[in-house]
Amino acid sequence: MGDYYEPWTYEYEHLLTAPAGEHTPVARPTSLLTGKDTKITWSANWDDSLAGGNELAAADPILAKVSGAVKLEYEKAFMFFLPRICEHCLNPSCAASCPSGAIYKRAEDGIVLVDQDRCRGWRMCVTGCPYKKIYFNHRTGKAEKCTFCFPRVEIGLPTVCSETCVGRLRYIGLLLYDADAVAQAAATRSETDLYAAQRSVFLDPHDPRVVAAARRTGIPEDWIEGAQRSPVWDLIMRYEVALPLHPEYRTMPMVWYIPPLSPVVDALRDTGHDGEDMGNLFGAVDALRIPVEYLAELFSAGDPAPVTAVLQRLAAMRAYQRRVNLGEERDESIAEAVGMTGQQMDAMYRLLAIAKYDERYVIPAAHAEIAHGLEELATECSLDYEGGPGMGGSGPFGEVSGRPVPLAVENFQVLAERQRSDNLPDPTTRGRVNLLNWDGRGRPEGLFPERKDKS
Ligand code: SF4
């Protein structure tokens, strides 16, 4: 329990049934093991969002590496939010650590999933994932993780976290990569070479040889076109502003991040300098050792060069676009200073700042040829399982809204409709194709013929 934390729920029922009184009722936490009141002191990702920071920050290995120069006075620290989901790694250590072979990377789209039927609850994956992105469901006794909203992705819709991000920060796109080169890249000796090694695995979708090879292996035309329009390719390979999170973990993570320029801009502004001026920004990127070193520990195994290059590109884009917005003459030397052209600056600005939905998410839908396999897989979503989050009604393991248990028979159109719908399916029609309209429980009247010998 110390390692996996004590599961708990809240006394939600009390919020609804408490008698009218002077104080607003609260939902106290209760232990799912004992049913008694409990005090929450630890859970999965407890240290995210600074929870537990007072106890844990001193042991932060990254802070230790930046030589104790950071004072743990939060009001003086620079802060940025780093939302983390499963990385759907090219070399997933969660899968490697599963004794049951329940975790697999889908060949169709690279999404990493837990087969709930095969999972035996060993929990090796919980410790095996260095990003701590596997959670143990105490009710089902199975491991769960981000599913990259695969039923949505299959029909060309972005994940819910992407679509609902108010900052419009997330981008989804297709990347072609050389699967045979992954193991060697992951074994690159020097940690600081891993960023370049992972980039070398990605294949240029504009290269005619890559396109021809993709066609030979049966990759559909719209997927190749999707790879060519991929915003993720542009951010990682064309503009080189996205970096992998902790490449030194060697799992070849596939959720990449654009390091924030804000600590640098804030520092300039706080000291009365112009935070849009390229000279100031470049100087500050060099001078502000701590933010850059810290970011380098997150995104480039401690090598400050890739992070500095990204921050300089972002700084240049700021300075270049300010002139454009103020109606001043374009200063091509700003773009040249970071190895770009003015046109590329415009395109990068457009993608980062004002790109529309269709440019941020370029997701070709799954193909009818493989739809049958995908439909069956769709029932394996851990979130839809009895006991999964939001499942199963009120009971000792949580209060939930409850939804129909999925059935294996569902056609592609119905799946697409369900994913696009704003409402939950009507439980009486279930929104699914079920030839018998029977969920396998009980004996609905008329389902079976009357027994002849019934008297
Ligand atoms: S982030 Fe963790 S859970 Fe996700 S694929 Fe990588 S190793 Fe597995």
Side-chain angles (χ1 to χ4, degrees), residues 87-91 105-111 148 153 156 158 162 170-182 184-186 188 193-244 247 252-258 299-300 306 309-310 312-314 316-317 320 332 335-336 338-367 369-370:
E87 293 276 348
H88 296 278
C89 306
L90 296 183
N91 183 34
K105 187 167 178 68
R106 291 213 306 193
E108 300 91 337
D109 49 22
I111 296 174
F148 207 72
V153 170
S162 304
R170 298 186 184 219
Y171 295 75
I172 297 178
L174 208 146
L175 278 179
L176 300 176
Y177 70 94
D178 181 355
D180 295 334
V182 170
Q184 204 186 346
T188 300
D193 290 338
L194 281 162
Y195 161 55
Q198 187 165 354
R199 287 179 84 233
S200 74
V201 166
F202 301 145
L203 300 173
D204 183 352
H206 306 280
D207 181 339
R209 287 168 308 165
V210 171
V211 173
R215 286 190 184 126
R216 269 200 309 279
T217 51
I219 294 180
E221 229 27 64
D222 57 339
W223 280 55
I224 296 173
E225 196 238 335
Q228 289 167 341
R229 292 196 300 117
S230 169
V232 177
W233 168 267
D234 286 349
L235 293 171
I236 294 176
M237 302 300 286
R238 192 192 298 272
Y239 306 129
E240 299 181 23
V241 289
L243 299 173
M252 304 270 119
M254 288 301 280
V255 178
W256 288 41
Y257 291 81
I258 300 174
F299 302 118
S300 49
V310 172
Q312 286 181 342
R313 285 201 157 185
L314 296 176
M317 185 183 77
Y320 187 87
E332 297 303 319
E336 280 160 22
V338 289
M340 294 175 80
T341 63
Q343 225 174 3
Q344 285 174 322
M345 280 266 125
D346 283 343
M348 181 165 89
Y349 169 70
R350 185 179 164 76
L351 184 59
L352 288 176
I354 52 177
K356 297 284 179 279
Y357 192 94
D358 292 347
E359 295 162 88
R360 284 184 289 130
Y361 314 123
V362 179
I363 310 167
H367 270 250
E369 317 79 91
I370 58 167

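These numbers were taken from a predicted model, which means no experiment stands behind them.
I224 places a side-chain heavy atom less than 4.5 Å from the side chain of R215. Within the 4.5 Å cutoff, side-chain heavy atoms of L352 are placed close to those of L235. Residues V232 and M254 are not in side-chain contact: their nearest non-hydrogen atoms beyond the backbone lie 4.5 Å or more apart. M317 is not listed as a side-chain neighbour of M340, based on a closest heavy-atom distance of 4.5 Å or more. In this structure, Y320 and D346 have side chains that are in contact, with non-hydrogen atoms separated by less than 4.5 Å. Taking 4.5 Å as the limit, some side-chain heavy atom of Y239 sits within range of a side-chain heavy atom of L351. Proximity of Y257 to L243: side-chain heavy atoms (C-beta onward) are nowhere separated by under 4.5 Å.
Between F148 and H88, the angle of the ring planes goes over 60°, which puts this pair in the perpendicular group of the 30/60° scheme.
In terms of modelled atom types and a separation under 3.5 Å, the side chain of Y361 and the main chain of S162 share a donor-acceptor contact. Of the possible polar contacts, none joining the Y177 side chain to the L90 backbone as a donor-acceptor pair under 3.5 Å is found. Side-chain atoms of S200 come within 3.5 Å of backbone N or O of A197 as a donor-acceptor pair. At least one donor-acceptor pair under 3.5 Å links the side chain of S230 to the backbone N or O of L174. Under a 3.5 Å cut-off, the side chain of Q184 and the backbone N or O of A181 do not form any donor-acceptor pair. Listed for the W223 side chain is a donor-acceptor partner under 3.5 Å among the backbone atoms of A365. Within the 3.5 Å criterion, the main-chain N or O of P253 finds a donor-acceptor partner in the side chain of Q198. Without hydrogens or angle criteria, E87 side chain to V255 main chain gives a donor-acceptor distance under 3.5 Å.
More than 12 heavy atoms of other residues, nucleotides or ligands sit less than 6.0 Å from atom CD of E332.
For the residue pair G173 and P231, the shortest heavy atom distance occurs at CA-CD, 4.1 Å. Looking at every heavy atom in both residues, V362 comes nearest to G226 through CG1-O, 3.7 Å. Scanning all heavy atoms of the two residues, the minimum distance from M348 to R313 falls at CE-O, 4.0 Å. Pairing each heavy atom of L194 with each of A186, the nearest pair is CD2-O, 3.9 Å. The shortest non-hydrogen separation linking I236 to A242 is CG1-CB, 3.9 Å. Summarising the geometry of Y195 relative to P244, their closest heavy-atom pair is CD1-CD, 3.5 Å, with the distance given to 0.1 Å.
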Verify salt bridge (Lys or Arg N to Asp or Glu O under 4.0 Å) between E359 and R229, making sure each step is shown before the conclusion. CA-CA 8 Å; E359 295 162 88; R229 292 196 300 117; over 6 Å; no

Residues L176, I219; criterion side chain to side chain contact (heavy atoms under 4.5 Å, CB included); working and verdict: CA-CA 10 Å; L176 300 176; I219 294 180; 4.2 Å; yes

D358 and K356: CA distance, side-chain angles, deciding distance, salt bridge (Lys or Arg N to Asp or Glu O under 4.0 Å) verdict: CA-CA 6 Å; D358 292 347; K356 297 284 179 279; over 6 Å; no

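Rounded to the nearest 0.5 angstrom, D234 CG and E240 CD are separated by 11.5 Å.
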